[in-house]
Amino acid sequence: MTEQGDGADSEARLPRSRLYDYVDLTRTDQRDPTGPETPEGTGLPEHAAAVIDAPDEAERRRREFAVLLGTFRRTAVLVPVDEDAAPLTGDYGGIRWICAFSNETALARFALARGEGDREWAYQRWLGARLLDAGVPAVGVPCGVALDVGSEGEGALFPPVRGIVPDKAAVDVAARTGDVK
């Protein structure tokens, strides 16, 4: 499950980084300056301020999420681990969330937000598909993946539901029949 493909002697080969090296502390606005302007008082870009047909919007968002999920499944992510190589997790809303990061900069933002940016963070690289298909079911409780926690507006949640994780780990599938709840 490590990037070297084995668990033996992985402590000696765990990548470690000084996270301050990856964060531009002078950057205060992470908003894309090339993005659309926001009309005063609306909080929406100009093109989104118009009335949108709800079914079309829902379908568009489903397609966007499917693309995001596919990209995540094909991408190697960083999973912070403790001394026993157990992934960093957090519980929220009755779900355990495995923390994963798209790059060291995102991990650094998370560490700084926790006030732990001055220590070294051990991590493993996992393919997103392996994390969802093997890591989540191995936890043994309802579990999803939280990508880029602490990166405002850039994160994503992959909850434990059918189509994201295996049916045996999905909370919306009946255990005995496999039917959607």
Side-chain angles (χ1 to χ4, degrees), residues 22-24 27-80 87-113 123 125-139 141-175 177-181:
Y22 296 96
V23 175
D24 180 1
R27 194 168 124 192
T28 58
D29 182 13
Q30 296 178 0
R31 185 172 171 265
D32 181 6
T34 62
E37 292 297 315
T38 303
E40 279 189 42
T42 66
L44 295 172
E46 285 179 26
H47 67 277
V51 176
I52 299 172
D53 188 25
D56 290 342
E57 178 66 10
E59 182 58 32
R60 183 186 65 79
R61 287 180 183 225
R62 274 193 285 281
R63 285 192 305 268
E64 286 177 357
F65 184 77
V67 169
L68 176 65
L69 177 61
T71 301
F72 177 75
R73 292 182 68 79
R74 292 185 302 274
T75 302
V77 294
L78 309 180
V79 179
L88 177 67
T89 62
D91 292 346
Y92 183 77
I95 306 289
R96 180 154 301 153
W97 297 94
I98 297 173
C99 297
F101 299 90
S102 55
N103 54 50
E104 287 183 327
T105 301
L107 176 56
R109 281 191 293 266
F110 174 76
L112 290 173
Y123 61 83
R125 287 188 195 276
W126 285 55
L127 192 59
R130 179 108 171 130
L131 189 55
L132 292 171
D133 297 343
V136 166
V139 173
V141 298
C143 182
V145 175
L147 179 66
D148 292 340
V149 176
S151 297
E152 189 172 328
E154 298 176 23
L157 294 176
F158 299 99
V161 296
R162 174 180 259 173
I164 296 177
V165 299
D167 285 354
K168 67 181 180 182
V171 296
D172 63 338
V173 175
T177 64
D179 294 332
V180 176
K181 291 182 182 176

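Note that the coordinates shown come from a computational prediction; the quantities given were computed from them, not determined experimentally. Heavy-atom basis, side chains included; hydrogens, waters and symmetry copies ignored.
The stretch residues 65-80 participates, sequence neighbours left out, in these salt bridge (charged side-chain N to carboxylate O under 4.0 Å, His left out) pairs: Arg73-Asp133.
Distance CD/Glu104 to CZ/Arg109: 12.5 Å, rounded to 0.5 Å. If you take CG on Leu68 and CG on Leu147, they are separated by 7.5 Å, rounding to the nearest 0.5 Å. Here CG of Leu127 is found 7.5 Å from OG1 of Thr75. Values are rounded to the nearest 0.5 Å.
Shown here are the side chain to side chain contact (heavy atoms under 4.5 Å, CB included) partners of Pro80, two or more places apart in sequence or in another chain: Leu88, Phe101, Leu107, Trp121. Every residue meeting the ring-ring contact (aromatic ring centres under 6.0 Å, His included) condition with Phe158, not counting sequence neighbours, appears here in chain and number order: Phe65, Phe72. With sequence neighbours excluded, the residues that form a salt bridge (Lys or Arg N to Asp or Glu O under 4.0 Å) with Arg61 are Glu57. Under the rule for a side chain to side chain contact (heavy atoms under 4.5 Å, CB included), the partners of Asp91 that lie at least two apart in sequence or sit in another chain are Arg96. In this view, Ser102 and Asp148 satisfy the side-chain hydrogen bond (donor to acceptor under 3.5 Å, both in side chains) rule, not counting sequence neighbours.
With Val165 as reference, Val136 is the one residue of Leu131, Val173, Val136, Val171 to meet the side chain to side chain contact (heavy atoms under 4.5 Å, CB included) rule.
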Stepwise, does the side chain to side chain contact (heavy atoms under 4.5 Å, CB included) test hold for Arg125 with Leu78?
-> CA-CA 5 Å; Arg125 287 188 195 276; Leu78 309 180; 3.2 Å; yes
Going through the distances and angles, do Leu132 and Leu69 end up as a side chain to side chain contact (heavy atoms under 4.5 Å, CB included)?
-> CA-CA 10 Å; Leu132 292 171; Leu69 177 61; 3.8 Å; yes
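Of all heavy-atom pairs between Pro137 and Pro166, the closest is CG-CG, 3.8 Å. For the pair Gly144 and Ile95, the tightest heavy-atom approach, listed with the atom from each and the gap, is N-CG2, 3.8 Å. In terms of heavy atoms, Cys99 sits closest to Val79 at O-CG1, 3.8 Å.
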